[in-house]
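Here is the structure we will look at.
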Amino acid sequence: MSQRPKATRQETSELELPPTTLSKKQFQQVKNLTKDDGHFNLVRNFNLADVITLCNGACGALSIFSNLRYLITHDQYYLWLAIWCIPLGFMFDVFDGRVARWRQTSSILGQELDSLADAISFGVAPAVLAFVVGMQSFLDTVVLTCFVCCGIARLARYNATVAILPHDNSGKVAYFEGTPIPTSIALVGVIAYLVHHGQIGHQLPGGSFEIVPGYSFHAMVVMYGISGTLMVSKSLKIPKL
């Protein structure tokens, strides 16, 4: 009976010449991430701005879990915690870019971390919040899912085009194509107002509309549909402050 040859472990290969799609600085960042196989190589390559970005993602995750906790306990403490975690994540989102420019530590890794954290904190978390406060019909969840997908698509487009967008002297892009995904914090503000006034669940303003028997949607979910549409707009250009 023949023996299967043992697989031999290959050493991580190092790139010698930077691909044409990467600057020398970006190429060095990629090499730092791939030059050794240590378990904590990724962590060693984090800088302060990356840690702040992860705090943004952590706020989004905590908001989602707090929403789930509210569904179990019906304790509004958890609902308010879910709400406040999102603006806290927004603060981290603003702060990480400033720190990166201040310390001149902008990186490919940081850009990807920022997009993934934003997708959680300003895409998934606000959608879950909407579901928890009463937008729970099948059509509601379709709209909320489209909202999340629009946010993800908008982030992907930004990452793909950021290199060719106009930049100012500080390195910031001059404008956004479509509304940035953190603008969903306005939706969270509306929901916070409704929670404060007890207008959630069956008390949502506008009520629900039945399109066909068994399929209805809440009027409030329309604002999520509009927000998602504005995110993926190509013609709408928002100056970056």
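Hydrogens, waters and symmetry mates are skipped; everything else that's a heavy atom, side chains included, is used.
For Phe90, the CZ atom is loosely surrounded, since the number of other residues' heavy atoms within 6.0 Å does not exceed 12. By the neighbour-count criterion of 12 heavy atoms within 6.0 Å, atom CH2 of Trp80 is densely surrounded, having more than that number from other residues, nucleotides or ligands.
Side-chain contact between Ser115 and Asn159 is present, with at least one heavy-atom pair separated by less than 4.5 Å. No side-chain heavy atom of Leu139 sits less than 4.5 Å from a side-chain heavy atom of Val221. By the 4.5 Å heavy-atom criterion applied to side chains, Phe217 and Val143 are not counted as neighbours. Residues Pro180 and Arg154 are in side-chain contact: their nearest non-hydrogen atoms beyond the backbone lie under 4.5 Å apart. Contact of the Leu194 side chain with the Val133 side chain is not registered, since no non-hydrogen atoms from C-beta on lie closer than 4.5 Å.
Leu62 and Leu54 are not part of a single hydrophobic cluster, where members link through side-chain heavy atoms under 4.5 Å apart. Linking ILVMFWY residues whenever their side-chain heavy atoms come closer than 4.5 Å, directly or via other members, leaves Tyr158 and Leu116 in distinct clusters. Follow the hydrophobic side-chain contacts under 4.5 Å out from Ile72 and you never reach Leu79; the two are in separate clusters. Hydrophobic clustering (ILVMFWY, side-chain heavy atoms < 4.5 Å, transitive): Ile185 and Met223 are in one cluster. Under the 4.5 Å side-chain heavy-atom criterion for ILVMFWY residues, a single connected hydrophobic cluster contains both Val222 and Val190.
Remark: Asp118 pairs with Asn56 by the side-chain hydrogen bond (donor to acceptor under 3.5 Å, both in side chains) rule, at least two apart or across chains. For Asp96, the side-chain hydrogen bond (donor to acceptor under 3.5 Å, both in side chains) criterion is met by Thr53, not counting sequence neighbours. With sequence neighbours excluded, the residues forming a ring-ring contact (aromatic ring centres under 6.0 Å, His included) with Phe147 are Tyr224, listed by chain and number. Taking Ser137 as the reference, Asp140 meet the side-chain hydrogen bond (donor to acceptor under 3.5 Å, both in side chains) condition, with sequence neighbours excluded.
Judged as a side-chain hydrogen bond (donor to acceptor under 3.5 Å, both in side chains), not a single pair has a partner in residues 189-210 (not counting sequence neighbours). For residues 221-236, every residue pair satisfying the salt bridge (charged side-chain N to carboxylate O under 4.0 Å, His left out) rule, not counting sequence neighbours, is listed here: Glu177-Lys234.
Residue Met231 holds its CE atom at 5.0 Å from OG1 of Thr183, rounded to the nearest 0.5 Å. Distance check: Leu204 CG to Ile191 CD1 gives 8.5 Å after rounding to the nearest 0.5 Å.
Between the side chain of Asp50 and the backbone N or O of Asn47 there is at least one donor-acceptor pair closer than 3.5 Å. For Ser184 (side chain) and Ile181 (main-chain N/O), a donor-acceptor pair under 3.5 Å exists by modelled atom type. Remark: side-chain polar atoms of Asn67 are paired, donor with acceptor, to backbone N or O of Ser63 under 3.5 angstrom.
Minimum heavy-atom separation, Leu155 to Ala119: CD1-N, 3.8 Å. The two atoms that bring Leu236 and Ile238 nearest to each other are CG-CD1, 3.8 Å, heavy atoms only. Contact detail for Ser121 and Ala125: the closest heavy-atom pair is O-CB, 3.6 Å. What you find for Gln76 and Ile200 is that their closest heavy atoms are NE2-CD1, 4.2 Å. Closest of all the heavy-atom pairs between Val232 and Ala153 is CG1-CB, 4.5 Å. Here the closest non-hydrogen pair linking Ala219 and Pro205 is CB-O, 4.3 Å.
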Practice prompt. Could you please spell out the steps behind the side-chain contact (heavy atoms from CB on, under 4.5 Å) verdict for Leu187 and Leu129?
Written response: CA-CA 10 Å; Leu187 305 178; Leu129 180 63; over 6 Å; no
